[in-house]
Amino acid sequence: MSGFLPDEPNAEVRVSPNFSPRRGTLRPDMIVLHYTGMATGAGAEAWLCDPASEVSSHYCVHEDGRIVQMVRESDRAWHAGQSSWFGRTDINSCSVGIEIVNPGHSLGYRNFPIQQIGAVAGLCAGIIARHSIPAQRVLAHSDVAPGRKIDPGEKFPWKALFAVGVGHLVPAAPVRRGAVLKAGDTGAEVEALQSMLALYGYGVEITGIYDRQTEIVVEAFQRHFRQSLVDGVADGSTVRTLQRLLASARAVFSK
């Protein structure tokens with residue numbers, strides 16, 4: 001492919017060869033947000049367009065707000081890797097991937113500039129409008145690949161996106177001292193926690209045992225929805241925030 005017209009009107013086009021047809025669906029129903037995790041935006045953009053990398057994304061959003069589209073939204077970009085949501089494992093086929101330039105946790109993780117977040121919010125709004133994507137399906141890479149990925153991380157300002165109608169969020173319950181569920185715990189309360197996480201979409205097995213995978217999924221939930229403390233411990237704040245989120249989702253679905 002030598003070029004294409006951008007799906008997003010304000011986007012530049014730099015074609016990546018790393019794409020394929022979507023499998024089993026004609027259009028995306030999910031947005032997955034990443035950070036690039038590389039030293040520079042130019043380096044990340046080049047890597048996403050290098051056939052040797054075998055990775056790509058539909059979009060890359062630079063720190064100055066510049067948007068580059070590399071794969072058409074109608075095609076399957078290779079951004080999510082091994083991942084799942086609501087039991088579906090081919091996330092690449094049902095999603096639009098957005099890489100957000102940030103060095104990430106290994107190279108000096110920093111706050112995302114205001115102009116960059118404004119561009120991400122506008123881009124997401126356009127994708128949502130084009131494909132009727134539900135608010136609950138604007139997700140982090142860490143949501144669909146917990147443990148394997150932690151981006152875009154606890155500094156990503158989901159509140160700023162939600163304020164302009166992008167994504168699903170509720171006020172996080174305050175962190176206070178009290179009873180917690182943690183690694184090694186067993187019983188009905190653990191099973192209830194796992195059930196709530198699975199009901200929202202996370203890939204967690206309902207066993208009643210607070211194992212390492214449950215801890216990892218709780219960390220992923222906290223990175224997105226309770227960012228003030230990411231420790232994998234299901235304290236009262238984490239559980240109440242999850243309950244609020246599910247109640248909010250039910251209210252949306254019942255309309």
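Below, all heavy atoms of this structure are taken into account, side chains as well, without hydrogens, waters or symmetry copies. Throughout, numbering of the chain's residues begins at 1 and tracks the sequence.
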Heavy atoms, side chains only, cut-off 4.5 Å: are [X] and [Y] in contact?
| X | Y | result |
| --- | --- | --- |
| Trp78 | Ser20 | yes |
| Val101 | Cys60 | yes |
| Ile31 | Ile128 | yes |
| Leu48 | Ser16 | no |
| Leu193 | Leu242 | yes |
| Val68 | His58 | no |

side-chain hydrogen bond (donor to acceptor under 3.5 Å, both in side chains) involving Arg110 - partner list, sequence neighbours excluded
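Applying side-chain hydrogen bond (donor to acceptor under 3.5 Å, both in side chains) to Arg110 gives Glu63.
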Residues which pass side-chain hydrogen bond (donor to acceptor under 3.5 Å, both in side chains) with Asn18, listed by chain and number, not counting sequence neighbours:
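Asn18 satisfies side-chain hydrogen bond (donor to acceptor under 3.5 Å, both in side chains) with Ser53 only.
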Short side-chain donor-acceptor distance under 3.5 Å, [Y] and [X]:
| X | Y | result |
| --- | --- | --- |
| Gln115 | Asp64 | no |
| Asp231 | Gln222 | yes |
| His62 | Glu45 | yes |
| Glu189 | Tyr210 | no |
| Arg226 | Ser237 | yes |
| Ser56 | His79 | no |
| Arg76 | Ser93 | yes |

Where the side chain of [X] meets the backbone of [Y], is there a donor-acceptor pair that is under 3.5 Å apart?
| X | Y | answer |
| --- | --- | --- |
| Gln243 | Leu245 | no |
| Gln227 | Pro157 | no |
| Gln116 | Gly65 | no |
| Arg148 | Gln82 | yes |
| Arg72 | Leu5 | no |
| Ser57 | Gly97 | yes |
| Arg27 | Arg130 | yes |
| Glu73 | Ile127 | no |
| Glu191 | Gly187 | no |
| Arg223 | Val230 | no |

Which atom of [X] lies closest to which atom of [Y], heavy atoms considered:
| X | Y | result |
| --- | --- | --- |
| Val204 | Ala198 | CG1-N, 3.9 Å |
| Phe112 | Lys155 | CD1-O, 3.8 Å |
| Leu107 | Ala39 | CD1-N, 3.7 Å |
| Ile209 | Gln194 | O-NE2, 2.9 Å |
| Val233 | Thr238 | O-OG1, 3.7 Å |
| Leu33 | Pro152 | O-CD, 3.3 Å |

Kindly state whether the ring of Tyr35 and the ring of Tyr109 have centres lying under 6.0 angstrom apart.
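Yes, ring centres under 6.0 Å apart.
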List the steps, then state whether side chain to side chain contact (heavy atoms under 4.5 Å, CB included) holds for Gln69 with Leu123.
CA-CA 11 Å; Gln69 183 170 4; Leu123 174 58; over 6 Å; no
Taking it one step at a time, do Trp47 and Thr36 satisfy side chain to side chain donor-acceptor pair (under 3.5 Å)?
CA-CA 10 Å; Trp47 182 244; Thr36 53; over 6 Å; no
List the atom pairs, with distances to 0.1 Å, where a side-chain N or O of residues 138-147 and a protein N or O form a donor-acceptor pair under 3.5 Å, not counting sequence neighbours.
unit_1	atom_1	unit_2	atom_2	d
His141	ND1	His34	ND1	3.0
His141	ND1	Asp151	OD1	3.2
His141	ND1	Asp151	OD2	3.3
His141	NE2	Ala80	O	3.2
Ser142	OG	Asp151	O	3.4
Asp143	OD1	Tyr202	OH	2.6
Asp143	OD2	Ala140	N	2.9
Asp143	OD2	His224	ND1	2.7

Closer than 4.0 angstrom, basic N to acidic O: yes or no for [X] and [Y]?
| X | Y | value |
| --- | --- | --- |
| Arg240 | Asp235 | no |
| Lys182 | Glu215 | no |
| Asp29 | Arg137 | yes |

Going through the checks in order, is the side chain to side chain contact (heavy atoms under 4.5 Å, CB included) test met by Met30 and Ile91?
CA-CA 8 Å; Met30 178 189 297; Ile91 298 301; 3.8 Å; yes
Give the intermediate values and the outcome of side chain to side chain contact (heavy atoms under 4.5 Å, CB included) for residues Val61 and Ile98.
CA-CA 7 Å; Val61 182; Ile98 301 175; 3.9 Å; yes
With a 6.0 Å cut-off (strictly less than), is the heavy-atom count around CZ of Arg176, excluding the residue itself, greater than 12?
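No, CZ of Arg176 has 12 or fewer neighbouring heavy atoms, counting only those of other groups under 6.0 Å.
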With a cut-off of 6.0 Å (strictly less than), are more than 12 heavy atoms of other residues, nucleotides or ligands near CD1 of Ile114?
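At most 12 heavy atoms, drawn from other residues, nucleotides or ligands, come within 6.0 Å of this atom.
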Just verifying a value: how many Å separate Asp185 CG and Thr214 OG1, rounded to the nearest 0.5 Å?
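That separation rounds to 10.5 Å.
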Straight-line distance of Arg23 CZ to Asp90 CG, nearest 0.5 Å:
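Between Arg23 CZ and Asp90 CG, I get 5.0 Å after rounding to 0.5 Å.
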List the steps, then state whether side chain to side chain contact (heavy atoms under 4.5 Å, CB included) holds for Glu99 with Tyr59.
CA-CA 6 Å; Glu99 289 279 356; Tyr59 293 96; over 6 Å; no
Candidate list Phe221, Phe225, Phe86, test ring pair (Phe, Tyr, Trp, His ring centres under 6.0 Å), partner Tyr200, passing option:
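Exactly one candidate clears the test, Phe225.
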